[in-house]
Amino acid sequence: MKNTMKIIALAVVVMFAFTSCAKQPTQQMDAAKAAVQGVEAAKGEIYAKDELAKLKTDLQAALDEVTAQSKKFFKKYGPAKEMLAKVIADADAVKAQIPARIEEAKKAAEAAQNDAKAAYDAAKALLEKAPKGKGTKADIEAMKADLAGLEPQLAEVQNAITAEDYFGAKDKAVAVKDKAAAISEQVQKAIDKVKGKR
Amino acid sequence: MKFFKTAVLFLAVLFASCQLPPAPPEVRRSETQEQDLWRAGASIFASQEYATYLDALRGARRHYDQENLKLGWYRDYDGVRRDFRAVLAAGDALQARVQSVKSEKRAAVDEDVKAIRTKVVTLKDITLSLTERGRARQELAQAEICLGEADALLNQAKYEAASRRVSQAGECVKKAEAAVISFIGRYLDQRQVDVWKKWTDETIAESRSRRTIAIVVSKLERRMTVYRDGKPYRSYGAGFGFNGLSNKLHSGDNATPEGRYHIIRKIASSQYYKALLIDYPNDEDRKRFAREKNRGAIPVAIGIGGDIEIHGGGQDSLTRGCISMDNDQMDELYNLVSMGTAVTIVGTNEMENYVIRTIRKS
């Protein structure tokens, strides 16, 4: 019985010694930080804004847990390690999604660019059909200048796509498309007005 | 046995005291609040306050951790809860502040968008009236694109980017204004305006002394005023040529002549409703044409042109140099005038003309 007691006491002492001397999971901490930085480097600020914010919060919580445990006499890094492992896994998952999101944004920008170009071409074709010469309404002539003003903006859409600013390119393309559509509508009204007076 | 029991009891108490109770609700709410604040853009719209909030949150969390470090019966979460309640209150205030800053920023950008849009509309009207279809219109179209982008960015709460687009739109508007002013440069020349004013005064004086009808056409204002016995009697809107604001120099320049003319023929049925033919070119026009031709400014094969009329067809039509009016007004004018009625066409009679006034006002 006495021996059993001694063994238990020894086991308790050994267990305490092990837990109190446990080392910080520095390798996992570095890996988790690198994983979050990897998401940032992969344009996570643009294409995974919310996920990146969550990752940063989770990373901070894991680091806080490590700090909290490091202050304890009986250190228990298991939960912190689990949190860090989750951050790494989540960061890898988010990072893996980013190329698809970039591709999606690119496709959306290119689709908007095509729409803008189509609206521009439609307005141009309509203007070419508009009556020319004496009696032409002044607004038809003005629309030609308006349309000419869209050309540099269409070029800027392409520049934005080339610079991989897909959201900016899309916004500009949509604005160009709306303006080109408005020009078409006004030209049609002016044509109708000319026809109506004949 | 006694030692064994004591050891088991000690371990049981130690185990129980190491077990953490569930986090107080304030702690859990603070996590959600922190996320909400980040999403709302607190780090952008109230960065200093957000930093203070984060400091307070970290402090509260440290306090919570310290309490957790204690053995169970020494833990006191009342202080922790107080700290987190204070953090939550600060977070709520910060959320309100962020919303307020965002509203202010949005309102400021909205106001700028509205002001620029008003200028664009005003300048578009002016360019239409002046039949300017070059640089000014192109700049205005670009300004409209920038404003469209600004609208989209505002809806995404990207106020800085929206503000930059509004600034770009403002630059385009400034360029458009400069283009308009350059387009009417001749109309801002005091000596030129004095000449036009002299023609107008002489025409009105003649109408008064001879008790006749006289017409004065002001191209910049697109207005035709009929004088009877030297007093304004009727006023109509008028349209001009593709290059209506220029002074006619030769055939095919699509410009409307400036000078003192007379009606030489009344045409009851013309291609453009009814028409009143005037005696362009007059002696002054011929002299100027000859001078410019000698200078080589006009190709040899080009003539001085003619057949300048006041006709119907609508004041919003573009002509090749004639003056166009709405048909019902043409009817009235046709009946008022007779052969020999004076028709004086000037650029404008005002130095501080409506274009300049409108640009200044907008």
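Below, read A as the first sequence line, B as the second, and so on, with proteins coming before strands; counting in each chain starts at 1.
For NZ of B:Lys124, the number of neighbouring non-hydrogen atoms (other residues, nucleotides, ligands) closer than 6.0 Å is greater than 12. For NZ of A:Lys179, the number of neighbouring non-hydrogen atoms (other residues, nucleotides, ligands) closer than 6.0 Å is greater than 12. Atom CD of B:Gln35 sits in a crowded spot, with more than 12 heavy atoms from other residues, nucleotides or ligands closer than 6.0 Å. Around NZ of A:Lys170, the count of heavy atoms belonging to other residues, nucleotides or ligands within 6.0 Å does not exceed 12.
Counting heavy atoms from C-beta outward, A:Asp171 and B:Gln156 have side chains that approach closer than 4.5 Å. Between A:Lys54 and B:Trp38 there is no side-chain heavy-atom pair separated by less than 4.5 Å.
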Residues B:Gln138, A:Asp146; criterion side-chain contact (heavy atoms from CB on, under 4.5 Å); working and verdict: CA-CA 5 Å; B:Gln138 289 178 21; A:Asp146 292 356; over 6 Å; no
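For B:Gln271, no part lies near chain A; criterion is any non-hydrogen pair under 4.5 Å. For a residue to count as touching a neighbouring chain, one of its non-hydrogen atoms must lie under 4.5 Å from one of that chain's; by this rule B:Gln142 touches chain A with backbone and side chain alike. Using a 4.5 Å cut-off between heavy atoms, A:Asp178 makes no contact with chain B at all. If you measure heavy-atom distances from B:Leu140 to chain A, you find no contacts under 4.5 Å at all.
Between chain B and the options A:Gln153, A:Gln69, A:Lys144, heavy-atom pairs under 4.5 Å are most frequent for A:Gln153. For the set B:Thr127, B:Asp151, B:Leu128, the entry with the most heavy-atom pairs within less than 4.5 Å of chain A is B:Leu128.
When all heavy atoms of B:Arg133 and A:Ala142 are compared, the closest pair comes out as CB-CA, 4.2 Å. Here the closest heavy-atom approach between residue A:Gly149 and residue B:Ala141 is recorded as CA-CB, 4.2 Å. A:Val176 approaches B:Ile145 most closely through the heavy-atom pair CA-CD1, 3.5 Å.
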